[in-house]
Each structure stands twice: as structure tokens, then as C-alpha cells.
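Because only heavy atoms are used, hydrogens play no part in the values below, and waters and symmetry mates are left out as well, while side chains stay in.
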Amino acid sequence: MRDNDSASFEYLKDMYIDGYYPNFLVDKVKAELVKVVEFLEQGNQDVEEIQSKLDFAIHAINDLAVEFDENDSEIETVARESIAQTVEDILAFFGIEIDTEEAIRERDW
């Protein structure tokens with residue numbers, strides 16, 4: 001539908017510039033958020049469906065904690081803020097009225 005609209009925001013900027021986070025793992029976090037963006041690009045506006053997609057993405061990101069740990073990293077302050085900022089940017093870009101804290105409510109980091 002809109003091929004390059006999602007290029008208007010940066011995914012996980014602070015995680016990518018911080019060497020503490022292996023890029024291949026940041027890519028995995030980004031992939032989960034891209035799935036949400038792809039869902040939104042289809043024109044989905046139902047807040048409950050969007051929250052469900054966000055919950056699913058956050059659960060998948062939670063599951064990456066072990067891999068981060070195995071690579072001498074963890075989803076901590078910078079990562080939390082970077083993920084939250086990216087989610088906030090996605091919601092703002094698509095005009096979705098979901099509070100960021102609610103959007104990432106399933107996080108365990």
C-alpha cells in the first residue's frame with residue numbers, strides 16, 4: 001500500500017549505535033516491530049487488534065532476553081527506552097491513540 005512510509009522513523013536508533021547490543025539481536029527486535037508496522041500499513045485501525053499485535057511483538061522481544069544474555073548484553077535502560085521510543089514513533093506516525101506504556105505493557109524488561 002505505502003511502500004516507504006515507514007522509512008519516516010528510525011527503528012531502535014540508540015540500540016544500533018551502542019556496541020553493547022549486538023546488531024543481529026537488534027535486528028531481531030526490529031523484525032518484531034516491523035511486523036506491527038506491516039499490519040498498520042494494511043490500514044488496520046482497530047485499537048484492540050493493534051494492541052494485540054503489539055502484545056505479540058513484545059512477547060517475542062521478551063523471548064530474546066536469553067539471546068541477549070548469551071551475547072553479554074541485556075535489554076536494560078537504553079534498550080527499554082529505545083524500544084519504547086520506536087513504538088511511540090510508530091503509533092504517532094500512523095495516528096494510533098494508544099499510550100506508549102500501554103502499548104508495551106507486556107514487557108518484562
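Scanning both residues, E102 and Q51, for their nearest heavy atoms gives O-NE2, 3.2 Å. Smallest separation of non-hydrogen atoms from I58 and E106: CG2-C, 3.5 Å. Here the shortest heavy-atom pairing between A103 and D55 reads O-OD1, 4.4 Å.
Atom-to-atom distance recorded for R105:CZ and D99:CG is 11.5 Å, nearest 0.5 angstrom. To the nearest 0.5 angstrom, E74 atom CD is 14.0 Å from L64 atom CG. Taken from CD in E70 to CG in L25, the straight-line distance is 9.0 Å, to the nearest 0.5 Å.
A side-chain donor-acceptor contact under 3.5 Å links D18 to the backbone of Y20. N44 contributes no side-chain N or O that, together with a main-chain N or O of L40, makes up a donor-acceptor pair within less than 3.5 Å. Put simply, the side chain of N62 never gets that close to the backbone of W109: no donor and acceptor are under 3.5 Å apart.
A single hydrophobic cluster is seen to contain both L33 and F24, as judged by linkage of ILVMFWY side chains at heavy-atom distances under 4.5 Å, directly or through other members. Put simply, F56 and F39 are part of two different groups of oily side chains (I, L, V, M, F, W, Y) that touch within less than 4.5 Å, one to the next. A continuous path of ILVMFWY side-chain contacts below 4.5 Å connects F68 to V78, so both sit in one hydrophobic cluster.
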Which donor-acceptor pairs under 3.5 Å do the side chains of residues 84-96 make with protein atoms, sequence neighbours left out?
from	atom 1	to	atom 2	distance (Å)
Q85	NE2	D89	OD1	2.7
T86	OG1	L12	N	2.8
T86	OG1	S82	O	2.9
E88	OE1	T100	OG1	3.3

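Under the side-chain contact (heavy atoms from CB on, under 4.5 Å) criterion, N23 pairs with Y16, not counting sequence neighbours.
A salt bridge links R107 with E101: the distance from a Lys NZ or Arg NE/NH1/NH2 to an Asp or Glu carboxylate oxygen falls below 4.0 Å.
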Handout entry: Candidate pair E81 and K13, rule salt bridge (charged side-chain N to carboxylate O under 4.0 Å, His left out), full reasoning
Key = CA-CA 10 Å; E81 292 174 5; K13 177 184 174 188; over 6 Å; no

Exercise for the section: Test side chain to side chain contact (heavy atoms under 4.5 Å, CB included) on I83 and M15 and set out the steps. Expected result: CA-CA 8 Å; I83 294 166; M15 287 181 78; 4.0 Å; yes

Problem - Verdict with reasoning, E32 to K35, per salt bridge (charged side-chain N to carboxylate O under 4.0 Å, His left out) - result: CA-CA 5 Å; E32 296 304 325; K35 291 175 190 174; 3.3 Å; yes

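Summarising the local packing, CG of D72 is surrounded by 12 or fewer heavy atoms from other residues, nucleotides or ligands at distances under 6.0 Å.
Using a 4.5 Å heavy-atom cutoff, the side chains of V34 and Y11 are in contact. L54 places none of its side-chain heavy atoms less than 4.5 Å from the side chain of I104.
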